[in-house]
Amino acid sequence: MKRIFIALGLVFALQTAMVAQLTDTAQVIFRAHLLKTFNLNIVSGPSQDITFSTAANYNTGVIEGAGVSPGTTNITIEATGNWNLKISAPNFVPYAGPNGAGSGTIAINNLGVWLAATGTHQFGTEISCPYVSLASALGLSTSDAILIGLLTINSGDITDNAFTLHWQMGQATACPLMNQATMFDQLALGLFGPGDFTSTATLTLTEIPLKGKR
């Protein structure tokens with residue numbers, strides 16, 4: 001009887017060892033597809049109405065809430081790479097609006113813009129912009145001018161890159177970067193006459209490749 005128990009014990013031990021040695025493998029393949037995202041979004045204020053209705057308006061200009069309605073444009077930027085933002089616009093030309101078409105041409109540098117960074121990326125850290133107050137507003141040009149430049153790394157989503165553009169017009173005495181002749185002076189020179197005018201500003205978002213990368 002003792003020999004039978006010993007033999008059974010050996011068989012059980014051998015079966016246990018064989019089961020413990022059984023293994024198998026399978027593989028799951030992952031492919032990560034990182035597509036570039038590069039979006040400039042106008043959240044609000046895609047059109048502006050600028051009204052000169054008093055002598056003071058022609059002499060000192062108009063700003064948001066006082067001649068420019070709504071006066072602000074809110075934008076966000078989504079970018080998987082570094083970027084800068086440029087702006088340009090053609091000169092104001094007459095159009096047949098509610099007050100009738102004006103005459104002549106209004107130089108676009110009568111229109112100014114300054115910015116506030118409302119996202120995580122702030123001026124002086126990830127990004128640069130010298131046009132950060134009413135007094136330092138940039139007078140627009142028919143050629144591209146950099147509105148927001150790169151300092152360090154500014155890729156990110158809409159919570160990182162959010163900005164408010166503040167518009168003004170005819171601020172000759174207050175803003176050295178805008179047309180230095182008042183709207184009154186330009187009227188007197190016959191450069192344009194009362195009526196309705198239009199222009200369209202273009203914002204251009206441009207990727208900045210990393211050095212050594214294509």
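Only this structure's heavy atoms are used, side chains among them; waters, hydrogens and symmetry mates stay out.
Between T73 and I42, some side-chain heavy-atom pair lies under the 4.5 Å cut-off. Taking 4.5 Å as the limit, every side-chain heavy atom of M169 sits out of range of all side-chain heavy atoms of I63. Under the 4.5 Å side-chain criterion, counting only non-hydrogen atoms from C-beta, I50 is in contact with V62. Proximity of E64 to P70: side-chain heavy atoms (C-beta onward) are nowhere separated by under 4.5 Å.
For V93, the side-chain contact (heavy atoms from CB on, under 4.5 Å) partners at least two apart in sequence or on another chain are T198. By the side-chain contact (heavy atoms from CB on, under 4.5 Å) test, T37 pairs with N39, E78, T80, sequence neighbours left out. In this view, T54 and A56, N57 satisfy the side-chain contact (heavy atoms from CB on, under 4.5 Å) rule, not counting sequence neighbours.
No path of Ile, Leu, Val, Met, Phe, Trp and Tyr side chains, each step under 4.5 Å between heavy atoms, connects W114 with L203, placing them in separate hydrophobic clusters. Hydrophobic clustering, with ILVMFWY side chains joined whenever heavy atoms are under 4.5 angstrom apart, groups F197 together with L111. At a threshold of 4.5 Å between side-chain heavy atoms, the hydrophobic network of Ile, Leu, Val, Met, Phe, Trp and Tyr places L189 and F92 in one connected group.
Other members of the cluster containing L35 do not exist, because no ILVMFWY side chain is joined to it at under 4.5 Å. In the hydrophobic clustering (ILVMFWY side chains linked at under 4.5 Å, chained through shared members), F30 is joined by V28. Within the hydrophobic cluster formed by Ile, Leu, Val, Met, Phe, Trp and Tyr side chains joined at under 4.5 Å, directly or through other members, I29 stands alone, with no partner residue.
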Pairs of donor and acceptor atoms involving the side chains of residues 94-103, under 3.5 Å and at least two apart or interchain, shall be tabulated with distances.
| residue | atom | partner | partner atom | Å |
| --- | --- | --- | --- | --- |
| N99 | ND2 | D196 | OD1 | 3.0 |
| S103 | OG | G193 | N | 3.2 |

Report, one line per pair, each donor and acceptor closer than 3.5 Å where one atom sits in a side chain of residues 126-134; sequence neighbours left out.
| residue | atom | partner | partner atom | Å |
| --- | --- | --- | --- | --- |
| E126 | OE1 | Q122 | N | 3.2 |
| S133 | OG | S136 | N | 3.3 |
| S133 | OG | S136 | OG | 3.0 |

Expected list for residues 181-188: side-chain donor-acceptor pairs under 3.5 angstrom, two or more places apart:
| residue | atom | partner | partner atom | Å |
| --- | --- | --- | --- | --- |
| T182 | OG1 | F184 | N | 3.4 |
| T182 | OG1 | D185 | N | 3.0 |
| T182 | OG1 | D185 | OD2 | 3.2 |
| Q186 | OE1 | N110 | ND2 | 3.0 |
| Q186 | NE2 | N110 | OD1 | 2.7 |
| Q186 | NE2 | A181 | O | 2.9 |
| Q186 | NE2 | T182 | O | 3.4 |

N/O donor to acceptor pairs below 3.5 angstrom from side-chain atoms of residues 137-147, sequence neighbours left out:
| residue | atom | partner | partner atom | Å |
| --- | --- | --- | --- | --- |
| S141 | OG | S143 | N | 3.1 |
| D144 | OD1 | S88 | OG | 3.2 |

What side-chain donor-acceptor pairs closer than 3.5 Å can you find for residues 148-155, not counting sequence neighbours?
| residue | atom | partner | partner atom | Å |
| --- | --- | --- | --- | --- |
| N154 | OD1 | W83 | N | 3.0 |
| N154 | OD1 | W83 | NE1 | 3.3 |
| N154 | ND2 | W83 | O | 3.0 |

- Carefully, step by step, assess Q168 and M178 under the rule side chain to side chain contact (heavy atoms under 4.5 Å, CB included). CA-CA 10 Å; Q168 59 194 79; M178 293 177 62; 3.7 Å; yes

- In sequence, state the C-alpha distance, the side-chain angles, and the governing distance for D49 and V68, and then conclude on side chain to side chain contact (heavy atoms under 4.5 Å, CB included). CA-CA 6 Å; D49 285 293; V68 187; over 6 Å; no

- Do I75 and L40 pass the side chain to side chain contact (heavy atoms under 4.5 Å, CB included) test, and can you show the C-alpha distance, the side-chain angles, and the key distance before you say yes or no? CA-CA 7 Å; I75 64 171; L40 171 60; 4.1 Å; yes

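For the pair S199 (side chain) and A89 (backbone), a donor-acceptor distance under 3.5 Å is absent.
Screening residues 60-79 for ring-ring contact (aromatic ring centres under 6.0 Å, His included), with sequence neighbours left out, gives no hits.
Atom CG of residue L205 and atom CG of residue N84 lie 8.0 Å apart, to the nearest 0.5 angstrom.
Contact detail for I108 and P90: the closest heavy-atom pair is CD1-O, 3.2 Å.
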